[in-house]
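Worth saying up front: this structure is predicted, and the values here are computed from it rather than measured. Protein chains get the first letters and strands the later ones, always in sequence-line order, with residue 1 at the start of each.
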Amino acid sequence: AQDVLVLAAASTKNAVEKLAGQFKAKTGVAITSSFAASSALAKQIENGAPADLFISADLDWMDYLQKRNLIKVDSRVSLLGNELVVIAPKGSTLKPDLKPGGDLPALLGDGRLATGDPSNVPVGKYAQAALESFGQWAQIEPKLARTDNVRAALALVSRGEAPLGIVYRTDAAVDPGVAVVGVFPPGSHPAIVFPVALTATTTNANAVKFLDFLKSPEGLAVFQEFGFVPAPKLP
Amino acid sequence: MLDVSIRRKLGGFALDIAFQAEERGVTALFGRSGSGKTSVINAIAGLSRPDEGHIRVGDAVFFDSARRIDVAVEKRRVGYVFQESRLFPHMTVRSNLEYGLRRVAAAERRIALGPVVELLGLGGLLDRRPRGLSGGETQRVALGRALLAQPRLLLMDEPMAALDAARKAEILPYIERLRDEMNIPIVLVSHAVDEVVRLATTMVLIADGRVVAAGPVGAVMGRLDLSALSGIQDAGAVLDLTVERHIDADGLSALAFDGGRLTVPRVARPVGGAVRLHIHARDVIVALSPPSGISVRNALPGRVVAVAESGPSSADVQIAVGGSFLIARITRAAVRDLDLAPGREVVALVKGVAFEPDLIAPGPRRVVDV
Amino acid sequence: MLDVSIRRKLGGFALDIAFQAEERGVTALFGRSGSGKTSVINAIAGLSRPDEGHIRVGDAVFFDSARRIDVAVEKRRVGYVFQESRLFPHMTVRSNLEYGLRRVAAAERRIALGPVVELLGLGGLLDRRPRGLSGGETQRVALGRALLAQPRLLLMDEPMAALDAARKAEILPYIERLRDEMNIPIVLVSHAVDEVVRLATTMVLIADGRVVAAGPVGAVMGRLDLSALSGIQDAGAVLDLTVERHIDADGLSALAFDGGRLTVPRVARPVGGAVRLHIHARDVIVALSPPSGISVRNALPGRVVAVAESGPSSADVQIAVGGSFLIARITRAAVRDLDLAPGREVVALVKGVAFEPDLIAPGPRRVVDV
Amino acid sequence: MDLLSPMEMTALLLSLRVAGWAIVGSLPLAVLAAWVLGRYSFPGKTLVDGLVHLPLVLPPVVVGYILLITMGTKGVIGGWLLQTFGIKLIFTPEGASLAVAVTSFPLMVRAIRLSVEAIDGGLEAAARTLGAGPVDRFFTILLPLMAPGLLSGAIVAFAAAMGEFGAVITFVSNIPGRTQTLPLAIYAATQQPDGDAVAARLAVISFSVALVALMASEFLARRLRRLIGQG
Amino acid sequence: MDLLSPMEMTALLLSLRVAGWAIVGSLPLAVLAAWVLGRYSFPGKTLVDGLVHLPLVLPPVVVGYILLITMGTKGVIGGWLLQTFGIKLIFTPEGASLAVAVTSFPLMVRAIRLSVEAIDGGLEAAARTLGAGPVDRFFTILLPLMAPGLLSGAIVAFAAAMGEFGAVITFVSNIPGRTQTLPLAIYAATQQPDGDAVAARLAVISFSVALVALMASEFLARRLRRLIGQG
Ligand SMILES: Nc1ncnc2c1ncn2[C@@H]1O[C@H](COP(=O)(O)OP(=O)(O)OP(=O)(O)O)[C@@H](O)[C@H]1O
Ligand SMILES: Nc1ncnc2c1ncn2[C@@H]1O[C@H](COP(=O)(O)OP(=O)(O)OP(=O)(O)O)[C@@H](O)[C@H]1O
Ligand SMILES: [Mg+2]
Ligand SMILES: [Mg+2]
């Protein structure tokens, strides 16, 4: 059977690897997956990477590919959602009240808020939107510690260098040194969506099967095990 | 024949040299440091390019500015023995020797490894590295390497300047054998009189980038104006003689030339063989008649040709002995006392013993310092 | 007084040297290449450490294995003139000269920059870099640098070996002035006889890591077994004389010693001044009676002390002239003809002219090659 | 005790292979660049020198992007390679080799250039008089004499290549068994809840390999120097 | 035409400052390491040599993590620095300097070490006989003579420091005006779907700066070599 090559956002690593194992057990088809930043993966597809399936953490990069006819548009689905949470070092007593006019800036004090770089890392973009909707962006923006990936933000918080951070709920699980101390209400930021699509060049029938497996209740259950939530219905 | 005529400006220094030399034998370029000797042989080798002129070796034209000829160094086939040897440190002696040889078509190889190893006494060194060799051994290997490249011409830039007297004495005989046994013209750069006298056939005296005197060694060395030309303090004449007989009982040899007979310590040449003597002016005594009861063996009758001051208290007296000339450096007080003037009949006394045994070496042209 | 007694194993080579030298004057360590000369002065400087023994200069103990003393190099205050000069390339001549000076407390500075610059003729060089200097200039700067470090002792490792004759002639007078005008003991390493004869007070002959002869230069050089000990082919005697008078008309000087009188080209010493002559054995002629009508000026009556073979055809004849000794190298045929044997009265003939004018230099101890 | 899981072992072996090929493959060009820069003067030399240093100056991710754009199958060079030779670099170990070759290239050139500059020009002149042309001299004189410098440059470049991350993941992605080298595995480990210990272990292994390589290079360089008569 | 937006200009200036301080600050240690490694033999030398090379071998992100763990305000050294001197490195330009200093350290040591090894030991022996102790000799003989090598090592390290990304962003994150150096800005641009042009422009600027630095270093090294009498 032909192997399937999946390019997936780094934050889906644990779930996708587990699903790949299950799929292999069921069908005998091996799934090879490469985890990196969505941007890197998108550019690789653009430049001819022989991939079958792309799981992006970011709508923008999927749109980028779609605009260039590099994905099979009819295969594109919004597979997963995620929650945007505030984290603090384990044992921290901070409990931000996440609402417009809330105490997040005050709790931060002269410490920094670690999150992805809002200019290019998806989680940072959502954080910016949420804080803007709270009217706190102007206050917090100068205090951001912008990282190039979620893992670096986690490290800053878990080491106590930043008292608070904003990450996906799924990421918070990666680092035992952090605890989720607040969840942004769904309306405070655009819905978090992990879109998935077959690449335009793939002719691999197994890729379609794997995509179907991911979308199946069985697949979604695994994702939820790792903290993902079902994809919100997009307008 | 080697025919060199080159002009070149080197910064403030102007080189303007022309000389010719025979197909066989050693042409010595002699001159002070900075006079332009290395510049000349670099031009012959092609390592530097004259502004104009020509360089020919036999039929081969290496360089001719008029005809726009400039043969690449690697095509000239000149053997070059550098002052610092420049052996390839990463190769054995054997590989060094064979480096040039391998780059010559088999058909053109006249000089083979075996004879050169033999000639230069390199047998025991073949598997060693240059690093461990003594200075003398190093230069011998360099010589062999240049030779085996089957050169049309051999250039040597002060090949013994870096060597002490013992090493020098060790290598000199090899160069003599080269000169005598191979049919390759050699151009030797030197600022050591003894080397030139011992090795050269032709002597080209260079000062400030110009040829100031050139000719057979004996003729050039016998000139009384030599020290003015060359700065050589060590005046003296060069005589070419033949072995007349060996006096085995005393360990002496009698040598003959057109001016008479000289007795010297035994020379390792057969009777009839050629020997060259460098007779230093300071070693020649002038007497009005042959003295007796004296340890000096050699008394050569002759006639004073010229007398020239050579220092505050000394004079050089040129004495014709047969067709040859001797020079004696004596005090001016003695010139006056003996009333020496051109035309005066005198006896030149030459000590026969005064040279080091290690200067004795075989060769058709022999030099013995007397 | 310099008192050296050291033992050291260097791989297969064993050094076992002991000698003493006076507070003033030059001690020459003389020997073939590899005999251990550099090893000795490196031990004195502290650059290498003997296995046992002691090294003392005056009151200062540099090293004493028994007393576990080993003074650091930088505390020994020995001036070291290296063969390759080792001037600091990034400093001007002035900074090089002052390098050691600045590191000595002001109170202890006996030798000042001005006089040294004067003594060594460095005035025009002070702002230049070592790179542009000639070999002779380089070594003079190295000498000055070592001197200005106010050394208790000056070590020189073949300071002239890398120089050609002209450069050597240029620097020799400076070392003589140093020896004569500074009260610093000098240890000079050399394998050049002429240097040793000209400069040394004491001569220490080293062979295979051992002292084979030591003593005043005249005494060591006058030994007939010298060539066996040292490999010196250039046998000869060393005479110390005083200037008796100058014969200005002839440009000559008359020198006196206990064995008589010698006439030589004018010496730049006042009447009464000391002069040393190195009389090469090959330049001495033996006669049974003073000859006449001959250009040789100097006839010294003496008595044959010993006759020894010195080569296949030659013999060295030691002649007592007053309280001094001369050596004459003549053919054995002459020994037989003149019937030379110990006790025989002879006349030693010495040419007075045979030396280069540039060997004349001022100094209380003068050496003139004759 | 098993030090490494099979996957980690795969990553280690792949790293060695990728870095090894990278060095071997770029060596000729590095030697050429070092030779030209070290021996000749020509107009624009500084620019060439600058270009050689470029990968040192740019962030590796940018180098990776540049490679992706030029050497991807849609890129000018990559497309040509694919059509002409059927060679595909993206997502392949060969591509990973190319990426680390590029980033470690300046290190290699610098080291080799220094050893070229240290070779006495007189030896080349001697070889010329013995009839050796430029290429001949290069192989018989320069190359052997620069060998110790070449070796040590190659080993340092190898060590650096073993640690390259940004250019690799950007150009050839992070595919276990194909392009997931040790640094990428370290990165992957840090993405897992319990990955820190694994990451640390892999980092130590990475360091050990580099240390062994450096030790080996010192040792070999000494021997080589003795072999070419300069130790 | 404005080549750079104000923010990009800020990033460029910050990069220059960060890299400049990094080199100046680490130079003494680099010289010391180069001196010791180049002049002395001691047990464990290979290990020290390996440690010096460590930042070259490890992925920069790992270097950044190590710095974060040790030099952060909660780290052993970082905590001590904060409490004792009130020095905070994390999120500061000084921290960025430290990060690039660490990653470019091996390059600097390598270059300087070669120039130390090229200095004739005889000159030091001469200085000893003239009364100079070890420190004296170091400053009066070794340091001036290694100056050209030191300069060229420092400039190459500077160029590399200008390009360092992973260690910086991991240790001090990406704060415009404080820690956002040129490579971070370039990276950020490459991560935006329409950022290629900006990234390319910034990369060209980064390359130009490095090129100017390299040219200056060649020029200065030549002059220095002449100044110390070896050109
Ligand atoms: N490239 C150059 N530019 C300027 N001057 C030069 C150059 N090459 C040589 N010279 C000068 O030419 C002169 C002759 O130099 P050359 O090396 O030929 O002398 P030489 O007779 O071989 O001296 P030595 O006996 O010291 O080797 C010297 O004065 C030297 O300074
Ligand atoms: N470190 C060492 N290990 C082994 N042998 C050594 C060492 N240093 C010197 N030697 C040997 O000691 C001997 C004396 O060497 P030294 O350099 O003192 O001789 P020298 O008399 O100064 O010779 P030259 O006139 O050639 O300078 C030589 O045979 C040399 O090979
Ligand atoms: Mg020359
Ligand atoms: Mg010595």
Side-chain angles (χ1 to χ4, degrees), chain A residues 3-18 20 30-52 54 57 68 70 120 147-155 158-159 170-178 199-201 226-227, chain D residues 7 10 59-83 87-92 95-96 99 165-181 183-199:
Chain A
D3 290 359
V4 179
L5 178 54
V6 178
L7 302 190
S11 46
T12 65
K13 179 174 193 287
N14 300 312
V16 171
E17 278 184 343
K18 179 158 186 189
I31 306 293
T32 308
S33 35
S34 175
F35 302 98
S38 304
S39 58
L41 298 172
K43 292 223 168 141
Q44 284 161 0
I45 291 169
E46 182 186 6
N47 285 285
D52 299 309
F54 176 42
R68 287 165 175 74
L70 293 165
N120 62 73
T147 63
D148 62 322
N149 65 54
V150 169
R151 180 65 210 202
L154 284 172
S158 98
R159 292 293 309 165
T170 48
D171 298 322
V174 169
D175 195 326
V178 302
T199 62
T201 52
F226 286 93
Chain D
M7 212 183 93
T10 308
V61 172
V62 174
V63 174
Y65 270 112
I66 294 173
L67 285 176
L68 191 55
I69 292 165
T70 55
M71 310 295 286
T73 52
K74 309 276 172 65
V76 185
I77 308 172
W80 175 76
L81 280 176
L82 182 64
Q83 269 155 33
I87 293 174
K88 205 160 117 183
L89 292 170
I90 192 166
F91 281 18
T92 63
F165 169 75
V168 175
I169 197 169
T170 307
F171 182 37
V172 295
S173 199
N174 176 5
I175 305 171
R178 278 180 72 77
T179 63
Q180 189 178 70
T181 58
L184 272 58
I186 294 175
Y187 166 78
T190 63
Q191 304 292 319
Q192 282 169 318
D194 49 0
D196 282 358
V198 175

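Contact annotation for Ala173(A): only backbone heavy atoms (N, CA, C, O) come within less than 4.5 Å of a heavy atom of chain D. Using a 4.5 Å cut-off between heavy atoms, Val61(D) makes no contact with chain A at all. Only the backbone of Ser33(A) has a heavy atom closer than 4.5 Å to any heavy atom of chain D. Only the side chain of Tyr65(D) comes within contact range of chain A, with heavy atoms under 4.5 Å apart. Of the atoms belonging to Lys13(A), it is side-chain heavy atoms, and not backbone ones, that fall under 4.5 Å from chain D. Using a 4.5 Å cut-off between heavy atoms, Ser11(A) does not touch chain D at all.
Between Tyr187(D) and Phe35(A), the closest heavy-atom pair is CE2-O, 4.2 Å.
Using modelled atom types, no side-chain atom of Glu46(A) and backbone atom of Ile69(D) make a donor-acceptor pair closer than 3.5 Å.
Among the candidates Leu5(A), Asn149(A), Leu41(A), the residue making the largest number of heavy-atom pairs closer than 4.5 Å to chain D is Leu5(A). Highest contact tally toward chain D, considering only Ala155(A), Pro176(A), Pro50(A), is held by Pro50(A) [criterion: heavy-atom pairs under 4.5 Å].
The CD1 atom of Ile90(D) sits 9.5 Å away from the CD1 atom of Ile45(A) when rounded to the nearest 0.5 Å. Rounding to the nearest 0.5 Å places CG of Asn47(A) at 4.0 Å from CG of Leu68(D).
The shortest side-chain heavy-atom distance between Ser34(A) and Thr179(D) does not fall under the 4.5 Å cut-off.
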